[in-house]
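Remember, it's a predicted structure, so these values are computed and weren't measured experimentally. By convention in this document, chain letters (A, B, ...) are assigned in the order of the sequence lines, proteins followed by strands, and residues within each chain are numbered from 1.
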Number of protein chains: 2
Amino acid sequence: MSLRLTILGCHSATPRSHGHTSSQYLEVNNEGFLIDCGEGSQAQLRKYKIKFSRIKRIFISHLHGDHFFGLIGLIATFGLLNRKSELHIHGPKGIKKIILMQLKLTGSWVAYPLHFHELEAMESELIFENDKVEVHTIPLSHRIYTNGFLFREKPLPRNLNMSAISKYPEIEICDYQNLKKGRDYKMDDGSIVPNADLTFDPPKILQYAYCSDTAYDEKIIPHIKGVDLLYHESTFLEDNKDLAEITKHATALEAATIASKADVKQLILGHYSSRYKDTTLFQEEAKIIFPNSVLAEAGKEFILNNQN
Amino acid sequence: MSLRLTILGCHSATPRSHGHTSSQYLEVNNEGFLIDCGEGSQAQLRKYKIKFSRIKRIFISHLHGDHFFGLIGLIATFGLLNRKSELHIHGPKGIKKIILMQLKLTGSWVAYPLHFHELEAMESELIFENDKVEVHTIPLSHRIYTNGFLFREKPLPRNLNMSAISKYPEIEICDYQNLKKGRDYKMDDGSIVPNADLTFDPPKILQYAYCSDTAYDEKIIPHIKGVDLLYHESTFLEDNKDLAEITKHATALEAATIASKADVKQLILGHYSSRYKDTTLFQEEAKIIFPNSVLAEAGKEFILNNQN
């Protein structure tokens with residue numbers, strides 16, 4: 001059970017030579033995802049030596065330029081590099097039209113299978129799952145249609161307690177699958193051996209929630225309750241709370257309030273407005289409410305392993 | 001009379017953390033132009049401290065991503081920065097549709113006047129002129145419709161030779177305009193004083209030609225004859241001449257051959273393929289044919305002044 005997050009960019013609005021716009025690379029149990037793709041993200045992927053081939057799915061939160069203007073370039077580059085494996089794009093309705101029109105007009109049609117999964121639901125939905133991970137949308141409150149994303153590991157089977165099992169000779173290998181699934185064992189004499197006596201808990205699942213861009217909105221709390229890692233935008237500090245409200249962004253204090261109310265384990269702050277030269281101010285403000293608040297910065301990694 | 005060129009990016013195909021795709025900032029007599037706009041160009045403009053407000057016109061050579069994927073981001077950023085002055089985009093037919101659709105779908109319509117001048121002519125044409133400069137297209141030979149651009153200073157009026165003029169008392173101030181225009185002076189007795197006896201040559205005009213992307217094509221020579229500065233793509237070295245032919249790019253030796261045949265004063269090489277780690281090889285190859293060959297690199301400036 002492992003979760004590895006690399007921040008590629010965490011500044012708002014416009015790219016700068018030392019302030020890249022939103023993009024993150026996430027691996028959950030070795031499944032590679034890209035979250036948002038601001039201009040210059042492909043150069044950041046190269047800088048941090050993330051293999052393009054590991055990216056199977058891209059999740060785009062919303063259609064503001066600082067979250068997806070780098071997508072067409074990345075898709076075209078995959079084509080130039082002769083990618084063969086399929087690529088899935090999950091993002092708001094309209095994203096398919098934007099990308100396909102550019103590929104067509106620029107004569108750079110790609111040879112690999114490119115699948116779009118357009119989002120328009122206003123409620124949280126499961127948008128991807130395999131045997132390792134599931135991804136749910138988190139409806140956010142921004143100026144345009146926006147989703148955050150919750151990445152949740154799939155639970156592993158329970159671990160067999162072989163020493164306990166050996167005390168019951170009638171339990172056979174063919175029974176193990178049921179025990180791993182959590183079922184109790186029924187003895188030939190009709191008595192029940194509770195599953196908890198025969199197995200250990202599997203490693204606890206890990207969860208990561210990405211919430212950007214969004215105003216302060218307590219409606220997201222049930223979706224992110226108890227996650228191991230929460231990235232919540234903090235475009236402003238409290239000194240610009242009015243501006244945050246007008247533009248439907250959050251302050252660092254608001255991000256911390258959400259983290260606290262949702263009882264998450266760690267909060268990552270980001271999407272900083274360029275008006276603040278010193279990003280440590282965001283951390284100072286958030287820590288008032290939520291001590292385990294850390295700053296996103298390009299190249300920073302968050303690695304979680306859970307072996308119980 | 002002055003020409004100032006700043007290379008923002010000069011690598012082909014895909015952006016890298018230390019290899020930006022095509023973009024150049026050019027000032028001709030203080031008129032600011034952007035030529036091509038690969039992904040990340042706006043960050044490069046910031047890095048080299050070029051004021052966004054100085055860019056009045058953007059010329060796009062062709063619709064391959066490494067020459068224009070940064071355009072939508074720059075246009076949107078101008079909007080976020082509350083630009084008021086008009087912006088003109090000159091580029092191949094289709095560019096207006098690509099940009100407008102993205103602005104519409106992303107809800108980031110800009111408040112400044114944005115004018116498109118779409119190109120589809122197959123012959124060279126004058127696409128912009130004011131009292132300081134004129135810009136002509138240079139039809140290039142690439143896989144899709146592509147233009148280079150010739151930037152030519154407008155000639156200044158001839159300078160009056162006041163010491164010579166003073167010898168002819170009947171020449172009055174009201175005659176000076178005609179002399180500046182190069183006209184001879186007709187004396188009251190019908191005799192002619194040649195203009196060359198009464199004026200000095202004005203500063204020689206400066207010319208810059210941008211030719212990227214293109215195969216080796218001698219048809220461009222008449223358009224770039226004698227220019228002060230020629231940027232000619234050299235994606236490959238002669239070791240990959242076959243690849244250059246297939247992809248309709250040029251080698252460094254071919255760029256130098258064009259520079260030599262066109263009798264230009266200086267050749268700038270660029271648009272390097274990422275397969276070459278050592279760009280000095282391009283200069284070495286070009287110098288065999290054309291000694292005054294130099295390498296483009298991000299941040300490099302070329303400043304020409306002509307005071308005669």
Side-chain angles (χ1 to χ4, degrees), chain A residues 8-9 11-21 38-49 52 62-81 92-108 142-145 274 298-299, chain B residues 8-9 11-21 38-49 52 62-81 92-108 142-145 274 298-299:
Chain A
L8 302 171
H11 288 261
S12 73
T14 64
R16 286 145 193 275
S17 53
H18 295 290
H20 296 274
T21 51
E39 184 178 344
S41 295
Q42 59 174 311
Q44 291 294 90
L45 284 166
R46 286 192 193 271
K47 182 172 180 180
Y48 299 115
K49 302 194 189 314
F52 286 179
H62 66 301
L63 296 182
H64 278 158
D66 56 334
H67 292 255
F68 90 102
F69 277 166
L71 181 59
I72 177 64
L74 187 61
I75 288 172
T77 291
F78 285 166
L80 286 170
L81 298 177
K93 191 169 168 58
I95 198 166
K96 181 176 178 178
K97 192 175 166 187
I98 288 178
I99 298 298
L100 293 190
M101 189 183 119
Q102 290 183 88
L103 290 177
K104 188 178 164 193
L105 273 170
T106 63
S108 48
H142 193 41
R143 303 195 300 280
I144 60 173
Y145 178 71
S274 61
Chain B
L8 302 170
H11 287 261
S12 72
T14 65
R16 286 146 192 275
S17 54
H18 295 290
H20 296 274
T21 50
E39 184 178 343
S41 295
Q42 58 175 312
Q44 290 294 89
L45 284 165
R46 286 193 193 272
K47 182 172 180 180
Y48 299 115
K49 301 192 190 313
F52 286 179
H62 65 301
L63 297 181
H64 278 157
D66 55 334
H67 293 255
F68 90 103
F69 278 166
L71 181 59
I72 178 64
L74 187 62
I75 288 171
T77 291
F78 285 166
L80 287 171
L81 298 178
K93 191 169 170 59
I95 197 166
K96 181 177 178 178
K97 190 174 168 189
I98 288 178
I99 298 298
L100 292 190
M101 189 183 115
Q102 289 183 89
L103 290 177
K104 188 178 165 193
L105 274 170
T106 63
S108 49
H142 193 41
R143 302 195 301 279
I144 60 172
Y145 177 72
S274 62

Side chain / backbone / both / neither for B/Ser41 at chain A, heavy atoms under 4.5 Å:
backbone

By side-chain contact (heavy atoms from CB on, under 4.5 Å), which residues pair with B/Leu81, not counting sequence neighbours?
B/Arg46, B/Phe52, B/Thr77

Which region of A/Phe68, side chain (C-beta onward) or backbone (N, CA, C, O), has a non-hydrogen atom less than 4.5 Å from a non-hydrogen atom of chain B, or is it both or neither?
side chain

Is B/Ala13 in contact with chain A via its backbone, its side chain, both, or neither, using a 4.5 Å heavy-atom distance?
both

B/Leu105 CG to A/Ile98 CD1 distance, which is reported to the nearest 0.5 Å:
4.5 Å

How far does CG of B/Asp66 sit from CG of A/Leu80, to the nearest 0.5 angstrom?
8.0 Å

Counting heavy-atom pairs under 4.5 angstrom with chain B, the leader among A/Gly38, A/Gly73, A/Gly65, A/Gly19 is A/Gly73

Counting heavy-atom pairs closer than 4.5 Å to chain B, which one of A/Lys47, A/His64, A/Arg143 comes out on top?
A/Lys47

Find the distance between CZ (A/Phe69) and CD (B/Gln42) and round it off to the nearest 0.5 Å.
9.0 Å

What part of B/Lys93 is in contact with chain A, defined as an atom under 4.5 angstrom from a non-hydrogen atom: side chain, backbone, both or neither?
neither

Gap separating the CD1 atom of B/Ile99 from the CD atom of A/Gln102, nearest 0.5 angstrom:
7.5 Å

Less than 4.5 Å to any heavy atom of chain A: does that hold for the side chain of B/Ile72, its backbone, both, or neither?
both

